[in-house]
2 protein chains.
Amino acid sequence: MRLEDEIKQATFQSEGQKAHLNIVFTAGWLQQRQAAVFRPLGLTLPQFNVLRILRGQHPKPATVALLIDRMLDKTSNASRIVDKLEEKRLVTRTVCPANRRAVDIRITEAGLRLLQQIDAEGLVDPLRNGFEALTDAELKTLNTLLDKIRA
Amino acid sequence: MRLEDEIKQATFQSEGQKAHLNIVFTAGWLQQRQAAVFRPLGLTLPQFNVLRILRGQHPKPATVALLIDRMLDKTSNASRIVDKLEEKRLVTRTVCPANRRAVDIRITEAGLRLLQQIDAEGLVDPLRNGFEALTDAELKTLNTLLDKIRA
DNA sequence: GCAAATTTAATGTACCTACATCAAATACCT
DNA sequence: AGGTATTTGATGTAGGTACATTAAATTTGC
């Protein structure tokens, strides 16, 4: 649907303001759809993202600092997201022997199985999440334009 | 900065997955910048957005349902955002006489003055928020591509 | 070698999001 | 009119975001 109709606003101050709202609105739209997919699995989106980073490190551990470095949202509280994953026994936390300030965080077998299941069911496939409507050239253009905004 | 560097991920499964992450990351980037601008004024971004909708209605009142209809995030809790604005005396809430289930929400003079100040200082000008890097044609392309994703 | 500075993570607080539930007012239907 | 359904908003709860502060371990500088 056109942004105008989604938020019932007929006109915008500028094409730039419309693009701004459109990016924010589309991001919310995408995140809500993804969150709905993970909800039945008892996972939130930030929890899933942390879990995926941990799988990328596996079998090496990650620290909280490493998670933050790789997360989309740098100011999100990785400590507390790890808390939730630990409660669910999807990750473990141990004091790093080499540096007792740091904490070694590792994905468990149960965590790996859960991600495996999500992969097998194709739940994160971008082609099923709105991106099938765009050609590869359009996607590249989109990526270039977004990078320019943050340049 | 390129997305690859922002989140330290060298490659992506597909251009679609990269675009997905790029939209979410860029939206976060934009919102964080805007939030930082409003913080010294004691306003959060959702509070500002609600206030702007109320100014659009002024001097007519809005209901909670109308706010939700026009908000970017439909699931956000407009009731509680209005609570905060009411505490700050930027809006008033009165039971709607014509329909006692509904609540008439109005922006106050103080609310109008605050928005006036924000306008005067150009704090929401998209040209100062990353969009000056794109031509009007590029912005139109961007809007078209984003609309396609949600089609 | 020891005091000061820095790093690393956890925690406190305020606010927001997402969703379920509740209560009151109104509309509907016979 | 009277009972049921719907509308409208508020509220409860779990989790996340943003930022400041704290505590412990380590590094640095003299």
Side-chain angles (χ1 to χ4, degrees), chain A residues 24-25 27-51 61-69 71-88 90-105, chain B residues 24-25 27-51 61-69 71-88 90-105:
Chain A
V24 171
F25 184 82
W29 185 88
L30 288 168
Q31 291 185 94
Q32 208 158 324
R33 283 163 57 105
Q34 278 293 298
V37 166
F38 292 132
R39 196 168 310 122
L41 300 170
L43 269 190
T44 66
L45 212 38
Q47 286 169 20
F48 169 72
N49 286 325
V50 165
L51 217 46
T63 61
V64 168
L66 183 142
L67 291 179
I68 292 170
D69 205 42
M71 281 168 76
L72 285 182
D73 190 335
K74 308 301 186 193
T75 75
S76 91
N77 207 321
S79 248
R80 281 192 268 235
I81 292 168
V82 172
D83 283 349
K84 303 291 172 193
L85 291 171
E86 200 182 13
E87 282 170 19
K88 290 193 267 257
L90 298 174
V91 311
T92 60
R93 234 192 307 218
T94 54
V95 171
C96 171
N99 178 352
R100 293 162 40 70
R101 279 173 305 194
V103 170
D104 282 343
I105 304 163
Chain B
V24 172
F25 184 82
W29 185 88
L30 288 168
Q31 291 186 93
Q32 208 159 325
R33 283 163 57 107
Q34 278 292 298
V37 165
F38 292 131
R39 196 168 310 121
L41 300 170
L43 269 191
T44 66
L45 212 37
Q47 286 168 21
F48 168 73
N49 287 324
V50 165
L51 218 46
T63 61
V64 169
L66 183 142
L67 291 179
I68 292 172
D69 205 41
M71 281 169 75
L72 286 181
D73 190 334
K74 308 299 184 192
T75 74
S76 91
N77 206 323
S79 248
R80 280 191 270 236
I81 293 168
V82 172
D83 283 348
K84 302 291 169 191
L85 291 171
E86 200 181 14
E87 282 170 20
K88 289 192 267 259
L90 299 174
V91 310
T92 60
R93 230 189 312 214
T94 54
V95 171
C96 171
N99 178 352
R100 292 163 42 69
R101 279 172 305 192
V103 171
D104 281 345
I105 305 162

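Within every chain, numbering begins at 1; the chains are lettered A, B, ... in the order of the sequence lines, protein sequences first and strands thereafter.
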Of B:Asp104, B:Ile105, B:Thr94, which meets side chain to side chain contact (heavy atoms under 4.5 Å, CB included) against B:Pro61? B:Asp104
If the condition is side chain to side chain contact (heavy atoms under 4.5 Å, CB included), which residues does B:Ile68 pass it with, not counting sequence neighbours? B:Val64, B:Ala78
Under the side chain to side chain donor-acceptor pair (under 3.5 Å) test, residues paired with B:Asp73 that sit two or more places apart: B:Thr75
Note: for B:Thr75 and B:Cys96 on DNA chain C, the residue whose nearest nucleotide lies more 5' is B:Thr75
Any residue meeting side chain to side chain contact (heavy atoms under 4.5 Å, CB included) with B:Asp69, in chain and number order, not counting sequence neighbours: A:Lys8
For A:Phe48, what residues pass the ring pair (Phe, Tyr, Trp, His ring centres under 6.0 Å) criterion, not counting sequence neighbours? A:Phe38
A:Gln47: what forms a side chain to side chain contact (heavy atoms under 4.5 Å, CB included) with it, not counting sequence neighbours? A:Leu43, A:Thr44, A:Ile81, A:Lys84, A:Leu85, A:Lys88
Contacts of B:Arg39 meeting side chain to side chain contact (heavy atoms under 4.5 Å, CB included) (sequence neighbours excluded), chain-then-number -> B:Ala35, B:Ala36
Can you measure A:Asp104 atom CG to C:dT8 atom P for me and round it to whole angstrom units? 13 Å
Whole-Å distance, B:Gln32 CD to C:dC16 P, equals 16 Å
I'd like a table of atom pairs between the protein and nucleotides 11-15 of chain C - only N or O on both sides, under 3.5 Å - with the distance next to each one.
| unit_1 | atom_1 | unit_2 | atom_2 | d |
| --- | --- | --- | --- | --- |
| C:dT11 | O4 | A:Asn77 | ND2 | 3.4 |
| C:dG12 | N7 | A:Arg80 | NH1 | 3.2 |
| C:dG12 | O6 | A:Arg80 | NH2 | 2.4 |
| C:dT13 | O4 | A:Arg80 | NH2 | 3.2 |
| C:dC15 | OP2 | B:Lys84 | NZ | 3.3 |

State which residues pass salt bridge (charged side-chain N to carboxylate O under 4.0 Å, His left out) with B:Arg100; sequence neighbours excluded, sorted by chain then number. none
Across all chains, not counting sequence neighbours, the salt bridge (charged side-chain N to carboxylate O under 4.0 Å, His left out) partners of B:Arg93 are B:Asp83, B:Glu86
Select from A:Ile81 and B:Ala78 the residue whose nearest nucleotide in DNA chain D is closer to the 5' end of that strand. B:Ala78
Using the closest heavy atom to pick a nucleotide of DNA chain C for each, name whichever of A:Gln31 or A:Val64 lands nearer the 5' end. A:Val64
Just to be sure I understand the rule, does B:Leu45 reach a base, reach only the sugar-phosphate, or reach nothing, if contact means heavy atoms closer than 4.0 Å? nothing
Those residues that, when tested against A:Asn49, pass side chain to side chain donor-acceptor pair (under 3.5 Å) (two or more places apart): A:Arg52
Could I get a table of every N or O pair under 3.5 Å where one atom is in the protein and the other is in nucleotides 4-6 of chain C?
none

Just how far, in rounded Å, is P of C:dT7 from CG of A:Asn99? 12 Å
Nucleotides bounding contact with chain A, strand DNA chain D, heavy-atom threshold 4.0 Å: D:dG15 to D:dT26
